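Heads up, the thing below is written out as structure tokens.
To find a chain, count down the sequence lines: A is the first, B the second, and so on, and within it residues start at 1. Since the structure is predicted, the reported quantities are computational estimates derived from the model, not experimental observations.
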Amino acid sequence: MGDVWIFAEVSEGRPLDVVYELLGGGRPLADDLGGKLAAILPWGADQAGEASTKEAVVRDLIASGADLVYVVQSRELVLRQEEPHAQAIYELANQYRPDVLLFGATTFGLSLAPRVAAKLGTGLIANCTTLSIDKGSGLLLMTRPAFEENIMATMTCPDRRPQMATVRPRAMKRLTPDPGRLGEVLTVVCDLPSPGARVVEVVKEDQDQAVDITDAKIIVAGGRGIGCKENLEMLEELAHLLGGAVAVSRPVVDAGWAPESRQVGQSGKIVSPKLYIACGISGAVQHTAGMSSSDIIVAINKDPGAPIFDIATYGIVGDVCQIVPALIRELKGRR
Amino acid sequence: MHVLVCIKQVPADPSAVKVDRKTNTLIREGIPVVVNPFDLFAIEEALRLRERMSSSGQKGRVSVITMGPPQARSALEEAIAMGADDAVLLSDRAFAGADTLATAYTLSRGIRRIEDSTGAKVDIVICGRQSTDGDTAQVGPELAEMLGIPHLVRVRKVESLTRESIRVERIADGGYDVIESCLPVLLTVEKGINQPRVPSLRGLMRARKAGIPVWGAQELGVEAQQVGLAGSPTRVIRVFSPERQRRAEMLTGSPEAVARLLVDRLMTAM
Amino acid sequence: MDYSLTEEQRMIKDLASRIARERILPEAARLDEAEEFPWEIMRVLGESDLFGVWIPEEYGGLGGGVFEQCLVMEELSRACAGVATSYAASALGAFPILLFGTEEQKQKYLPDIASGKRLAAFALTEPDAGSDAGNIRTTAVRDGDSYILNGTKQWITNGGEAEVYTVFATVDRDKGVRGITAFIVEKGTPGFEFGKKEKKLGIRSSSTRELAFRDCRIPRENLLDREGKGFIVAMRTLDRTRPGVAAQAVGIAQAALDLAAAYAMERVQFGKPVGEFQAIEHMIADMATQIEAARALTYSVARMIDAGARDFSKESAMAKVFASDVAMKVTVDAVQIFGGYGYMRDYPVEKLMRDAKVTQIYEGTNQIQRSIIGPQVLREAARRKAGQAKGITNS
């Protein structure tokens with residue numbers, strides 16, 4: 001009887017998208033294990049006044065797949081403070097012994113989960129894209145891209161509990177909410193010690209906010225093969241003509257040509273647009289992990305052996321600097 | 001004030017690492033290695049904190065620690081060449097195959113032993129944001145928990161530092177947090193927090209001759225089953241190439257011709 | 001080829017190579033285009049101790065010699081000859097102090113130059129005194145405990161950027177070269193001004209300016225060696241720094257070969273890489289052979305100087321003339337191998353060709369070098385003949 005827990009990261013009184021994805025991905029795991037799917041909902045002082053909000057969130061989590069919601073209340077559970085969050089989850093996990101404990105691979109999730117894992121003395125697998133239960137052993141199979149190469153690795157945590165993983169946003173699909181679903185709510189009031197590190201100010205600062213590549217229906221992406229920073233302008237023009245956004249692969253960010261908010265891949269964002277045009281991207285798993293579920297993939301690359309062609313719908317072998325301008329002319333000509 | 005930097009030696013090109021399909025372990029032999037690029041920012045930030053302390057009349061010391069094979073000494077030499085005061089190598093066959101938890105545990109024991117020898121707590125532990133080969137960013141927070149100190153990830157700026165506390169900016173989703181912590185504390189620093197210095201020739205010569213102690217399981221007082229593969233809760237059970245179900249339709253011809261073909265296809269498909 | 005470097009020399013070469021790769025190469029095209037002095041890179045070179053490789057340890061250096069300086073020059077030049085020129089010009093300006101300065105002068109100036117805190121420059125050339133260095137018109141007039149300088153220096157590398165200048169002036173024009181005297185002049189001295197920055201064909205990130213002295217009063221303790229010894233100071237200095245120009249030429253040529261060879265394997269025409277055509281293959285072979293010969297000569301001369309040889313004007317000139325001619329030929333060939341792309345400024349080979357040219361011109365044109373080599377070879381031949389004649393009579 002193994003329960004599956006997911007951590008419900010809340011921002012401004014609302015669970016993040018990844019929380020619903022965790023519920024969607026956790027549901028079959030709980031079913032396979034014959035256990036409950038539970039959400040841990042931290043509810044801090046800043047949100048405490050709004051009981052109606054809390055109730056709505058709880059209902060929403062249950063509608064989206066949770067059997068049980070642990071509402072953990074403490075005035076220390078405000079903002080992104082790892083120590084009290086880790087302590088609360090640790091106490092709860094020690095008491096109720098879940099089999100699986102999942103976090104979204106957000107900045108906070110990636111910081112909190114290892115702290116919890118160390119407290120519990122258990123293993124943790126980062127940035128998973130697939131989770132399943134092994135029929136024979138009942139172990140959680142955690143799969144992630146590894147070693148920046150065309151390799152996926154499946155890991156387990158055989159002897160210690162809970163089995164922990166952080167899960168990439170967009171890697172799992174949320175369920176269609178069912179308002180009629182029933183679930184339990186358990187409110188736990190924690191008396192947590194005050195943390196050593198305190199958030200004193202939260203500053204919103206998404207310079208690139210206008211463009212959220214995860215929302216774009218069409219993406220024109222540039223990789224190392226675009227040659228230089230200036231060539232991104234050409235991609236911008238193509239994206240503009242198509243009504244899409246420009247994304248990049250990791251080497252482009254590493255070179256300082258584009259901000260990290262534009263990065264697609266294992267260490268960037270996961271996208272699944274209707275059309276993904278990969279320009280000068282070789283197609284290492286590091287990158288394709290973030291875009292392989294796009295509906296149509298167009299690959300433009302000088303190297304006919306580039307692995308990007310293996311996942312592309314349409315392939316063009318050639319110099320990005322010649323093909324993209326030709327595409328721009330073609331699109332302009334058809335207007 | 002004592003600042004300690006945790007570093008890792010990684011393949012210069014992580015994509016060059018191959019996996020032994022039989023043992024599910026990494027084949028690292030013969031691959032050029034470098035100091036994890038993220039860790040260079042950690043070393044630089046530690047040196048800058050030391051400079052900050054000395055300008056306010058405090059004495060600062062920067063130590064560097066790594067866990068790895070004997071060859072990892074060269075990573076520590078690089079840190080000394082950049083300006084670190086001293087270094088320790090944690091190396092033992094028993095440490096091999098460690099996952100993040102076992103690595104953090106081994107590092108925590110190394111740090112404890114350093115603290116025992118100085119009779120004082122390390123004030124600030126700094127790690128790079130993540131390693132380029134593992135890409136997990138887990139060791140820092142796990143280590144902080146084992147040391148019983150707060151941790152701040154993705155620090156992009158140290159605003160102020162006193163004997164008791166530190167105030168930093170850390171990157172958060174959609175912006176950044178200003179956060180204040182008591183000391184001791186563990187920071188993981190973001191690339192771009194500084195520009196790491198190039199080692200100096202005098203530093204390189206000093207590093208070549210530096211006595212770098214090597215501590216194994218015995219020196220750390222740990223049991224073999226607490227470290228390395230034996231002490232790691234996680235197992236790699238399978239490595240595989242991702243499925244490649246689709247085959248691309250290749251469009252050929254002049255740039256103009258392929259542009260026309262592609263736009264035709266897309267107009268039909270979308 | 002293996003040149004049996006010591007561990008320390010290897011360390012110097014590796015560090016210079018790393019700085020070249022990580023810090024200079026990514027900036028080279030931009031600095032060239034903008035004609036911008038590479039201050040940030042100078043700071044990095046200073047912090048890395050590379051400015052001090054040839055300066056004795058008692059003056060804050062690392063105690064190496066001309067050979068170590070050549071190793072650095074070659075590596076820096078592979079990334080950007082303009083940066084290398086700025087680095088080398090500081091050594092050129094400071095060598096006179098090391099060779100002819102008093103203990104006080106050495107203590108005062110060399111440590112800051114070794115650490116890169118201050119750059120130095122060498123001011124010999126004038127509008128009417130180029131190859132004919134004896135024709136200097138800048139005057140120095142003794143006035144009590146000072147000298148008063150008047151005149152103009154032209155095309156001074158690091159001019160305006162450097163803090164310390166070795167300036168050559170005449171105390172008595174009637175004495176010709178025996179009137180030439182060397183002085184140390186600090187930037188900021190009243191009456192010492194800079195003209196506009198020159199626009200150049202190559203090494204465009206380096207700074208080249210006119211220096212103007214208008215009743216510039218400098219203290220007598222800034223006199224280098226004695227009055228009238230300036231020409232010797234200049235010639236002895238240049239004998240030691242010419243291998244550095246040769247090493248620069250080797251570095252430029254090596255960069256051109258590396259690019260051309262990689263391109264020849266990549267560029268496909270008529271269905272195969274152009275490098276597989278014998279016409280290109282043989283060009284590559286000649287380029288590589290000439291570079292190795294230039295490097296071997298340069299290293300040998302540098303080591304000969306460091307070993308304490310007394311007279312090495314001829315050898316030093318040979319290294320400079322040979323290596324710079326090789327650099328010119330190799331870079332022209334590299335542009336040829338790149339074809340149309342080579343002529344485009346988006347590709348790095350044309351810069352190498354522009355940069356190579358100056359190595360045939362500065363620190364004594366190659367014509368002047370040959371005028372040093374030729375007569376000396378003939379003198380040696382005459383001496384041998386005289387010796388043989390003497391030998392015969394004696395027997």
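- Residue contact with chain B, scored on non-hydrogen atoms closer than 4.5 Å, involves the side chain of A:Glu82 exclusively.
- Per-residue heavy-atom pair counts under 4.5 Å with chain A were compared for B:Val185, B:Ile166, B:Val263, and the maximum is reached by B:Val263.
- Taking 4.0 Å as the cut-off between side-chain N and carboxylate O, A:Glu201 and B:Arg170 do not count as a salt-bridged pair.
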Would you be so kind as to tabulate the donor-acceptor pairs closer than 3.5 Å made by side chains of residues 139-148 of chain B, with sequence neighbours excluded?
| from | atom 1 | to | atom 2 | distance (Å) |
| --- | --- | --- | --- | --- |
| B:Glu142 | OE1 | B:Thr100 | OG1 | 2.9 |
| B:Glu142 | OE1 | B:Leu101 | N | 3.3 |
| B:Glu142 | OE2 | B:Thr100 | OG1 | 3.4 |
| B:Glu145 | OE1 | A:Arg115 | NE | 2.9 |
| B:Glu145 | OE1 | A:Arg115 | NH2 | 3.3 |
| B:Glu145 | OE1 | A:Lys119 | NZ | 3.4 |
| B:Glu145 | OE2 | A:Lys119 | NZ | 3.2 |

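- Looking only at heavy-atom pairs under 4.5 Å with chain B, the residue among A:Leu124, A:Leu275, A:Thr143, A:Thr106 that has the most is A:Leu124.
- With a 4.5 Å cut-off on non-hydrogen atoms, B:Leu251 touches chain A through its backbone and its side chain both.
- In this structure, chain B has heavy atoms under 4.5 Å from both the backbone and the side chain of A:Val199.
- More than 12 non-hydrogen atoms from other residues, nucleotides or ligands lie less than 6.0 angstrom from CZ of B:Arg235.
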Q. Where do B:Arg167 and A:Val200 land on the side-chain contact (heavy atoms from CB on, under 4.5 Å) test, with the steps shown first?
A. CA-CA 9 Å; B:Arg167 192 180 166 106; A:Val200 291; 3.9 Å; yes
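- Residue A:Leu141 touches chain B through its side chain alone, counting heavy-atom pairs closer than 4.5 Å.
- The part of A:Ile218 that comes within reach of chain B is its side chain, from C-beta onward, which places non-hydrogen atoms under 4.5 angstrom from that chain.
- Ranked by heavy-atom pairs under 4.5 Å with chain B, the list A:Pro114, A:Ala105, A:Ala118, A:Ala113 is led by A:Pro114.
- Using a 4.0 Å cut-off between charged side-chain N and carboxylate O, B:Arg129 and A:Glu260 make a salt bridge.
- The part of B:Arg154 that comes within reach of chain A is its side chain, from C-beta onward, which places non-hydrogen atoms under 4.5 angstrom from that chain.
- Both the backbone and the side chain of A:Arg198 come within contact range of chain B, judged by heavy atoms closer than 4.5 Å.
- With a 4.5 angstrom heavy-atom cutoff, A:Pro195 does not touch chain B via any of its atoms.
- Under a 4.0 Å N-O distance rule, the pair A:Arg80/B:Asp173 does not qualify as a salt bridge.
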